[in-house]
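Take a look at the structure below.
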Amino acid sequence: MRRNTIVTRSNFEAILPSDCFIRLHRSYIVSVSKISSYTNEYIEVTKKAISISRSYKESVLQKLAQV
């Protein structure tokens with residue numbers, strides 16, 4: 001018997017260690033160790049720019065300031 005499990009990003013985010021991963025956007029959760037640079041609007045991960053959403057901006061920048 002095959003079972004399908006649906007895991008939402010929110011559920012997946014809750015499983016991940018919060019000191020190692022950060023949610024930037026409704027669609028993106030990234031490893032803090034993979035971030036090569038950042039500004040107030042974007043984070044660069046493996047030479048790709050990912051925008052920080054307005055709703056996550058404050059928490060993202062606070063967390064990055066601690067790293």
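Remember, it's a predicted structure, so these values are computed and weren't measured experimentally. Just the heavy atoms: all of them, side chains too, but no hydrogens, waters or symmetry mates, feed the values below.
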*So do the side chains of Ile43 and Val60 get within less than 4.5 Å of each other, counting heavy atoms only?*
yes

_Nearest 0.5 Å, please: how far is OG in Ser10 from CZ in Arg26?_
10.5 Å

*Would you say Tyr28 has more than 12 foreign heavy atoms packed within less than 6.0 Å of its OH?*
no

*Taking the side chain as C-beta and beyond, is there a heavy-atom pair between Leu61 and Tyr38 under 4.5 Å?*
yes

*asked:* If I compare all heavy atoms of Ile52 with all of Asn40, which pair ends up nearest, and what's the gap?
replied: CD1-O, 4.1 Å

*Verify whether one side chain among Ser33 and Ser31 offers a donor that lies under 3.5 Å from an acceptor in the other.*
yes

*Side chains of Ile22 and Ile29: closer than 4.5 Å at any heavy-atom pair?*
no

*So, for Arg9 and Ser27, which heavy atoms are closest and what is the spacing to 0.1 Å?*
NE-O, 3.6 Å

*For the residue pair Leu24 and Tyr56, establish whether any side-chain heavy-atom pair is separated by less than 4.5 Å.*
no

*Hey, any chance Phe21 and Ile15 share a hydrophobic cluster, counting ILVMFWY side chains that come within less than 4.5 Å of each other, even indirectly?*
no

*In Å and rounded to the nearest 0.5 Å, what is the NE2 to OG distance from His25 to Ser55?*
7.5 Å

*asked:* Distance check, rounded to the nearest 0.5 Å: Ser51 atom OG versus Lys57 atom NZ?
replied: 10.5 Å

